[in-house]
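Shown next, in structure tokens, is the structure this report addresses.
All values below come from the heavy atoms of this structure, side chains included, with hydrogens, waters and symmetry mates left out. Counting convention: from 1, in listed order, for ligands and their atoms alike. Remember, it's a predicted structure, so these values are computed and weren't measured experimentally.
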Amino acid sequence: MSITELHSLFETVISEFRLQGSINNIVCIGRGNINDTYLAQTLVENGEREYIFQRVNHFVFSEPQKIAENVIRVTEHIENKLKARGVTDVRRHVMHYYRKPDGSYFHITENGDYWRVLSCIYNAHSVDHADIAHLRSSGIAFGEFQNLLSDFPSETLYTTIPDFHNTKKRYESLRAAAEKDVMGRLQNVRGEYEYLLSMEEHAIKLCEMQEKGILKCRVVHNDTKCNNVMFDNVTGEHLAVIDLDTVMQGLVANDFGDAVRFAANPGGEDNEDLSRVYLDLDYYTAFAEGFVPQIIGKVTDEEIETLPDGVLSITLELAARFLTDYLNGDKYFKCKKINHNLFRTRAQIALAKDVFGKMPEMRARLQTIVDSI
Ligand code: GN1
Ligand code: MG
């Protein structure tokens with residue numbers, strides 16, 4: 001969409017939602033692979049306001065209304081807990097969705113796009129490449145999120161994307177994509193495909209433990225990239241966990257694993273230079289030092305013990321998802337360059353190989369943290 005089209009669309013949304021001011025500036029801030037996100041500044045009599053406008057990807061999230069309902073219930077729960085703990089500036093600690101006077105959360109355009117408006121957390125920032133301090137703080141943030149929701153009845157949340165972290169199903173989709181090979185790309189990725197199949201047993205370990213009832217399903221975030229935490233500009237402290245679209249039932253190890261997969265790899269998720277892709281054990285330790293004390297006592301010993309397994313399985317799962325999308329013709333993840341899904345797959349495989357070799361050390365470091373609590 002051109003900036004002029006966005007401008008006129010946002011003015012319509014502002015009047016529908018009864019927001020303040022008129023649009024002064026629009027900046028695209030979306031780094032996500034799914035939704036489109038903009039920061040819109042409006043001018044009001046005594047200054048400026050800022051709002052987040054977001055187009056929900058309707059291909060990925062088929063029922064945006066259900067996401068909104070999940071998010072509202074979860075954020076209200078967190079708000080109440082924080083207030084009870086004496087937190088005064090609660091609005092800086094939770095995301096807030098604006099509603100229209102009729103109570104609905106979306107502006108739906110003529111061509112069926114869903115737009116929503118979220119509050120902006122002022123004087124705060126997020127980071128794409130976390131340093132040790134940010135990793136420790138984001139560990140606390142995601143651990144606290146888990147802690148605050150530990151008494152929330154997870155079975156009452158909608159499943160907004162079925163089988164989101166069902167690694168077995170992700171492998172089934174990969175096999176199906178390879179069998180169809182609609183783009184004729186399988187020949188380019190035989191090695192990657194064979195490697196993922198050879199690791200299947202490790203990838204599905206947690207899924208099987210969940211099926212057997214050894215691991216409990218809880219309310220989890222399901223997308224714990226470090227850029228989903230807002231930090232205070234002045235103190236650097238973590239404020240709020242954002243991007244709650246995939247909040248639903250799931251495993252704690254997946255939240256831990258996905259955070260480490262994303263932030264403890266200095267090369268980044270899609271680096272073409274695989275020599276820069278590895279698991280930095282000090283980054284891993286910093287995240288665990290933040291996360292684990294928050295969840296101890298709220299989860300079982302098995303859930304703690306399997307946190308390192310979560311890093312391996314979620315990395316393999318992401319590799320499988322990226323490869324599936326590459327084989328299917330790049331239909332799901334936004335591609336920002338040619339063969340993006342192929343580079344993502346290769347980076348995740350390089351990371352999985354490194355993680356696999358470091359599992360004993362990851363377990364030992366986790367044990368040291370647990371013993372020190
Ligand atoms: C997608 O768009 P973003 O960055 O919030 C994806 C996650 C992946 C991530 C990989 C709904 O998240 O599952 O881990 O890309 N979200 C969805 O970068 O599929
Ligand atoms: Mg997300």
Give a yes/no verdict on whether any heavy atom in [X] is under 4.0 Å from an atom of ligand 1.
X	result
Arg261	yes
Phe262	no
Lys334	no
Arg344	no

The Mg ion (ligand 2) - number of protein N/O/S atoms closer than 2.8 Å: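 Under the 2.8 Å cut-off, the count stands at 2.
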Could you tell me whether the side chains of Tyr283 and Asp131 share a donor-acceptor contact shorter than 3.5 Å?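 Asp131 and Tyr283 do not have a side-chain donor-acceptor pair below 3.5 Å.
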Should Arg92 and Asp232 count as an ion pair when the cut-off is N to O under 4.0 Å? yes
Under a 4.0 Å threshold between the charged nitrogen and the carboxylate oxygen, would Lys168 count as salt-bridged to Glu208?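 Result for this pair is yes, salt bridge flagged.
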So which bit of [X] gets within less than 4.0 Å of ligand 1, heavy atoms only: side chain, backbone, both or neither?
X	answer
Tyr332	side chain
Asp243	side chain
Asp223	side chain

Atom 4 (O) of ligand 1: which protein heavy atom is closest, and how many Å away? Lys225 NZ, 2.5 Å
Ligand 1 to Arg321 polar contact by distance, N or O atoms, under 3.5 Å: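 The answer is yes, given that Arg321 and ligand 1 share an N or O pair closer than 3.5 Å.
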N/O separation below 3.5 Å, Asn222 to ligand 1: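 Min N/O separation from ligand 1 is not below 3.5 Å for Asn222.
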Testing the basics here: between Ile349 and Ala319, what is the closest heavy-atom pair and its distance to 0.1 Å? CG1-CB, 4.0 Å
Where do Arg185 and Gly329 come nearest, in terms of heavy atoms and distance? NH1-CA, 4.0 Å
Looking at Glu269, which atoms of ligand 1 are within less than 4.0 Å of one of its heavy atoms?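 That gives atoms 10 (C), 18 (O) of ligand 1.
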Taking atom CD of Glu194 as the centre, report whether more than 12 heavy atoms of other residues, nucleotides or ligands fall under 6.0 Å from it.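 Yes, the 6.0 Å shell around CD holds more than 12 heavy atoms from other groups.
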